[in-house]
Amino acid sequence: MNAIDVQGLTKMFGSTQALAGVHFSVAEGELFAYLGPNGSGKTTTIRILTGLMRTFGGTATVAGYDVTKHSRKAKTQCGVVPQAVNLDRDLTVSENLMIHGRLFGLSGRSLRDRILSLLEYVELLKKKDQFVKHLSSGQQRRVMIVRALVHRPRILFLDEPTVGLDPAVRRQIWMLIKSIQRQKTTVLLTTHYIEEADLLADRVALLCEGTIVDIATPDALKSRLGNWALDIYENDHMETHYFKDRQDALNTASTPQASVNIRQVNLEDAFLQMTGKKVS
Amino acid sequence: MNGFWAIYLRELLILRRRLGMLAGSMSVAPVLYLVAFGFALGQDIEIAGHSYLQYLLPGLIALSSMTQAFAISGEINIARFYWKIFDEFQAAPVSRTAYVAAEVLAGMTRGMMAALVILLVGSLCGIRLSLGPMFWLAVAGNSFVFSSLAVFLAMVVREHAAQMMLNTFVITPMAFLGGTFFPSDRLPAWARYGIEVLPITHASRAIRDAGLLRGFSWTPYLAMTCIGCAFFILALSQVHRATE
């Protein structure tokens, strides 16, 4: 059984089509990245799958439960980390986690122990009695991630988990996400950061204007273009050519009077080739 | 039930953090009303055998418990529009009934606290009321009505500014009418009929009758129960719509 199954998902906001027939499935334990520019429908998909949006077309199941018909059962299987920080600023770190645990039916010593072990896991045990408003952005993000894990969800939804964080903190969050996946948790991650999807994901869905244009492993998506990209800058204009071998790229780069850059193909190239648009 | 206790506990924790500030703010307006209307204007006035101060205090309790119970709408909207904590509740397996009941109880808790603060202020001014079970039932009924109305309206509005407007149109007129400061039977008939529809009128009457031992009628209690339940049901339906 797949952890997530989505068939023909559609969603309209007035006359704007946010999702135009999205299909995908995520296997148990997989880290699946949903890559697309702002406004492509990433958050809408997550809100539907986590029960925050009820009116949509198509079907979606999470851990085998239809998100419309068995919404509450589906929710028990999910942990959600939204894009905006939605911690209770007037509560301490451990109170935030405690309230979350109680929302999911946990209480007593087992909840207290779970909170302590999670805070230790993200190296925030010393901050447990601090108010959330006094934490740094990176610490708040880590609290949000462990809060979503308190009730031991089978599936973790991360909506742009590193947006607005500095590169060093972003890398810390990436390591945390990877270690969560190693514990057999299925992860659906939305991002518009190429590097994030490339580094973390087992498979990537390229999303553009509410439609998935391709789904594959990061390597497969990139290798469809070749391994090497040659950017040629001429008269304020850039043109990119793709090559299987680096030597072919070097040979082409020897054109006089042009500024060139040889680099490895990335997911931005794949996205650009598929859609004619940039991700970020 | 887990969701209910979690949400109520959250509100209590926040309430505890702000207790001093909140108790202070709860007493400001009533003290001003007591000084201005009670001591300055109403010193020599007597209504139905009671001094105006004695008459005024139950009205202030109705007014303050109404305002504080209704204030839960502001808390809900801040949590919903600014902090996005409503999403956290919505993503949890919590029923609509549990959510509404917890927020209504949180509003009622604030309403009851406000009544305690006014009683304390009153006793410092030498005004004593009879605090029997019917008095507390009346305060609880009033808090239930306005807390349920608050949750309902908090789910209706789409932005915090709209909430502020509702306060002006809904709460301010009720604060001054509805038998809080003066007996409604002195008003013209057309105004009296209008005021009888307001829930605060029933609350003022029940709190005053119980507090001043002026006799007893189930009618205001029944009215508050019916109106409160109607708002509670409306709140349930609106939570469903507010999900998106």
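Throughout, a chain's letter reflects where its sequence line sits, starting with A, and its residues are numbered from 1. Reckoned from all heavy atoms, side chains included, excluding hydrogens, waters and symmetry mates.
- For the options A/K75, A/H100, A/R102, heavy-atom pairs under 4.5 Å to chain B are most numerous at A/K75.
- Note on A/E95 versus B/R10: no salt bridge recorded, every NZ/NE/NH1/NH2 to OD/OE distance being 4.0 Å or above.
- Although no hydrogens or angles enter the test, the distance criterion places no donor-acceptor pair under 3.5 Å between the side chain of A/S71 and the main chain of A/T68.
- At a threshold of 4.0 Å, the pair A/E28-A/K184 does not count as salt-bridged, since none of the basic side-chain nitrogens sits closer than that to a carboxylate oxygen.
- A salt bridge is absent between A/D159 and A/R47: the closest approach of a Lys/Arg side-chain nitrogen to an acidic carboxylate oxygen does not fall below 4.0 angstrom.
- Among B/P93, B/A92, B/G3, B/A79, the residue making the largest number of heavy-atom pairs under 4.5 Å with chain A is B/P93.
- Annotation for B/V151 and B/V104: closest pair CG2-CG2, 3.8 Å, computed over non-hydrogen atoms.
- The candidate from A/T50, A/L91, A/D88, A/I99 with the greatest count of non-hydrogen atom pairs under 4.5 Å with chain B is A/D88.
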Subject >> Trace of the ring pair (Phe, Tyr, Trp, His ring centres under 6.0 Å) decision for A/F24 with A/F32 >> reply: CA-CA 10 Å; A/F24 69 89; A/F32 186 84; 5.1 Å; yes
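- Contacts of A/R147 with chain B are made by side-chain atoms alone, with heavy-atom separations under 4.5 Å and no backbone atom involved.
- For a residue to count as touching a neighbouring chain, one of its non-hydrogen atoms must lie under 4.5 Å from one of that chain's; by this rule A/L106 does not touch chain B.
- Of the two parts of B/R80, neither the backbone nor the side chain holds a non-hydrogen atom closer than 4.5 Å to a non-hydrogen atom of chain A.
- Between chain A and the options B/I14, B/L9, B/I85, the largest number of non-hydrogen pairs under 4.5 Å is found for B/I85.
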